[in-house]
Visitor: 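Got a structure for you, written out below as structure tokens; questions coming shortly.
None of these values were measured; they are calculated from a predicted model. Proteins get letters first, then strands, A, B, ... in listed order; numbering begins at 1 in each.
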Amino acid sequence: MLRSISIDSLMPYFGVVLLVFAGSAFFPQILSADYLTQQLQIAAFLGLLATGATIVILLGHIDLSVPWVLTGSAILSTSLVGTGNPTLTFLAVPAALAFGALIGVINGIGVAILRIPSMVWTLAVNSMLLGLAVLNTGGFNPKGESSPLMNAMASGDLLGLPISFLIWIAISVGLAAFLTRTPFGRYLRSIGFNEKATFLSGVSTPSVVFAAFAIAGMCSALGGVMLAGYANQAYQSMGDPFLLPTIAAVVIGGTSILGGRGGLFGTIGGALFITLLTSILSVMQIDDAWRNIIFGVIILVMLLFQTLRKGAVA
Amino acid sequence: MLDYMRSNRREVIAGVVLVALLSAYLGTHPRGASTYVMTIWANQCLILGLAACAQFFAVVVRGIDLSVGAVMALTNCVASYVLEGSAVGMAFGMVAVVAAGALCGLLNGLIIVYGRIQPIVVTLATASIFVGIALLLRPTPGGAVNYDLADAMTLDVLGIPTALVITAVAIFGFWLPFRRTGLGLGLYALGSSEQAAFQSGINTRFIRLAAFTLAGVFGGLAGLFYSFVTTTGDAGISAGFTLNSIAAVVLGGVLLRGGVGSLIGALAGAFILKTIASLMFFSGIPSLAQPLFEGLILAAAIAIGGADVLRARNKLEVYA
């Protein structure tokens, strides 16, 4: 984890501190513990998605199937709980994770075996999942409810910290260790830099791609389960608003969209920054139009800052 | 002829698929191949077609433009203000709409070239800004477009849908001459190998700037034509078009790694995508199952068209 700390990945943390202080000048309640822990809780949803996206982006690919993997796993888990059968209720979370992993493998087949650009293949997978969801639910909001376990994962507290935040950080730390201390992590980055060279040095590149997409799918699925627990239900296209902020969180965290460079430490900061920015903009009751504009400008400024700093060194 | 087909294999395949789909569509449509049916079909196709052209210019220089839909939303909102009144005013209005698109594209290009940030990230951020400006212009859908002008653009000329005439003008009047110019060739050079293009003395900054500006121009044209079809301004249209435009260029044989493909292919891809959707509507498949079939066909088309692995002669080639 420590090895992936760079100035780029510290940037969003500076941003978070800046936002909190600038925001508290106008709204003192921003400095309250209640508000800040609530932000940590909400940031976990975006953060889990961004964790999966970081793995795929480090590989030099992109996963656009996040929205409907999220929605699909939310629908699956809530309808399993909705049956009222205790065994099925118990299986809701594992089933959703298995669903995410399965979609990840399907993504991997297209990208690693058929060699289709991930940007279009995952997009096609996304629209197939949308089709499946519409077919299953008839286009209405699916019936079902979340289980107490899912509610606790999304809204519970442990030692004063939200459980969702703890889950997110635990998964991030685990995956970061996996990335820095195992061959898999090294292969992942080296494929991101140069897939041909990695293949020629004897690495089974397809299996790395499969594993990466499967992990990303499971992260999206877990995000979906927790979001369903948070809202106490699943609803159509609940994942759509998450796709672009997820990519933004990863990139702000200093991970190169071309692959190979970056890490999960920055992504945590990126997700915190974007959640806080969105929240403060809505606390300030700015209308939708300006919120979009400010959001875009701030992301651009952060990115420009990163490249200008590099320009100064080079 | 055979040589032409061999060197433009991708466009030819896309064309054949399009003709097959279109005949299936006209065959199953209860009203057959009437001007009315063709006009509605062509209008829907051309909106996505112009969006795909915008995406093509970004993709051919090895970029991607995630702001295509947002530029369309913005120009659509601009159009809902300026396309009413005197003939001269409306003529200036149409120019203003396209200019607004060009300005968006130029902004993307400037940040990409001088800020040295990847196009996918820049356009992700600017898309948010463009949608914001569109929302400032039209917080709720509204406004109007002159009906005579809208009719002139979306009905037919002597039985031929105007949208198809516009498509023909875009291909024969713009693209075929354009690809022979220095700028046209420069796009392909830059997309194939930036280093080689730079070393042969091409001004790569200018080419990339021009490519993204052209993407903005076509995004503006798409927004303008969308306004003619819907005759209102709506800031919320961006979501579907961006992703569909990427799918369309890939279906039309444009490679996402740059330097391969043509505007004709991008148009064909968009027409294929829209024809599939129209075909679904009359196919008798239960309406709830249609999105799934649409997704399956899209995935199958991309898997067949995009899978370079089938053409690779040895295992290393697939990693190129």
Visitor: So, does B/Ser128 use its side chain to make a donor-acceptor pair with the main chain of A/Ile293 at under 3.5 Å?
Guide: no
Visitor: Considering non-hydrogen atoms only, spot the tightest contact between A/Met128 and B/Ala299 and give its length.
Guide: CE-CB, 3.6 Å
Visitor: Please classify the contact of A/Leu132 with chain B as side chain, backbone, both or neither, using a heavy-atom distance under 4.5 Å.
Guide: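 Contact with chain B: backbone and side chain both.
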Visitor: Calculate, to the nearest 0.5 Å, the distance between atoms CG and CG belonging to B/Leu243 and A/Asn126 respectively.
Guide: 8.0 Å
Visitor: Quick one: of B/Ile129, B/Leu124, B/Leu296, who has the most non-hydrogen atom pairs under 4.5 Å with chain A?
Guide: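 Of B/Ile129, B/Leu124, B/Leu296, B/Ile129 has the most heavy-atom pairs under 4.5 Å with chain A.
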Visitor: Could you look at B/Ile133 and say if it's the side chain, the backbone, both or neither that has a heavy atom under 4.5 Å from chain A?
Guide: both
Visitor: Which one wins on heavy-atom pair count under 4.5 Å against chain B: A/Leu130, A/Ile299, A/Ile257?
Guide: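 Answer, by heavy-atom pair count under 4.5 Å with chain B: A/Ile257.
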Visitor: Measure the spacing between CG of A/Leu304 and OH of B/Tyr114 and express it to the nearest 0.5 Å.
Guide: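 Atom-to-atom, A/Leu304:CG and B/Tyr114:OH are 14.0 Å apart.
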Visitor: Please look at B/Ile120 and chain A and tell me whether the side chain, the backbone, both or neither of the residue comes under 4.5 angstrom of a heavy atom of that chain.
Guide: side chain
Visitor: Which heavy-atom pair separates A/Asn292 from B/Gly132 by the least distance, and what is that distance?
Guide: CB-CA, 3.6 Å
Visitor: Would you find more than 12 non-hydrogen atoms of other residues, nucleotides or ligands less than 6.0 Å from B/Tyr188 atom OH?
Guide: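 More than 12 within 6.0 Å, yes.
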Visitor: More than 12 foreign heavy atoms under 6.0 Å from OH of B/Tyr81: is that the case here?
Guide: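 More than 12 within 6.0 Å, yes.
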Visitor: What part of A/Leu258 gets within 4.5 angstrom of chain B, counting heavy atoms only: side chain, backbone, both, or neither?
Guide: side chain
Visitor: If you define the side chain from C-beta out and look only at heavy atoms, does anything of A/Val120 sit under 4.5 Å from B/Ile246?
Guide: yes
Visitor: Is any side-chain heavy atom of A/Trp290 closer than 4.5 Å to one of B/Leu135?
Guide: no
Visitor: Taking all heavy atoms of B/Gly295 and all of A/Ser127, pick out the closest pair and write down the distance.
Guide: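 Closest pair (atom of B/Gly295, atom of A/Ser127, distance): CA-OG, 3.8 Å.
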Visitor: If you check every heavy atom in residues 57-73 of chain A against those of chain B, which residues fall under 4.5 Å?
Guide: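 The list, in residue order, reads A/Ile62, A/Leu64.
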Visitor: Most heavy-atom pairs under 4.5 angstrom with chain A, which of B/Val121, B/Val131, B/Leu256?
Guide: B/Val121
Visitor: Identify each donor-acceptor pair in which a side-chain atom of residues 58-77 of chain B lies under 3.5 Å from a protein atom, sequence neighbours left out, and give them as a table.
Guide:
from: B/Arg62; atom 1: NE; to: B/Gly191; atom 2: O; distance (Å): 3.4
from: B/Arg62; atom 1: NE; to: B/Arg257; atom 2: O; distance (Å): 3.2
from: B/Arg62; atom 1: NH2; to: B/Gly191; atom 2: O; distance (Å): 3.3
from: B/Arg62; atom 1: NH2; to: B/Ser192; atom 2: O; distance (Å): 3.2
from: B/Asp65; atom 1: OD1; to: B/Ser67; atom 2: N; distance (Å): 2.8
from: B/Asp65; atom 1: OD1; to: B/Ser67; atom 2: OG; distance (Å): 2.6
from: B/Ser67; atom 1: OG; to: B/Asn108; atom 2: ND2; distance (Å): 3.0
from: B/Thr75; atom 1: OG1; to: B/Val71; atom 2: O; distance (Å): 2.8
from: B/Thr75; atom 1: OG1; to: B/Met72; atom 2: O; distance (Å): 3.1
from: B/Asn76; atom 1: OD1; to: B/Asp234; atom 2: N; distance (Å): 2.9
from: B/Asn76; atom 1: ND2; to: B/Ser227; atom 2: OG; distance (Å): 3.0
from: B/Asn76; atom 1: ND2; to: B/Thr232; atom 2: O; distance (Å): 3.1

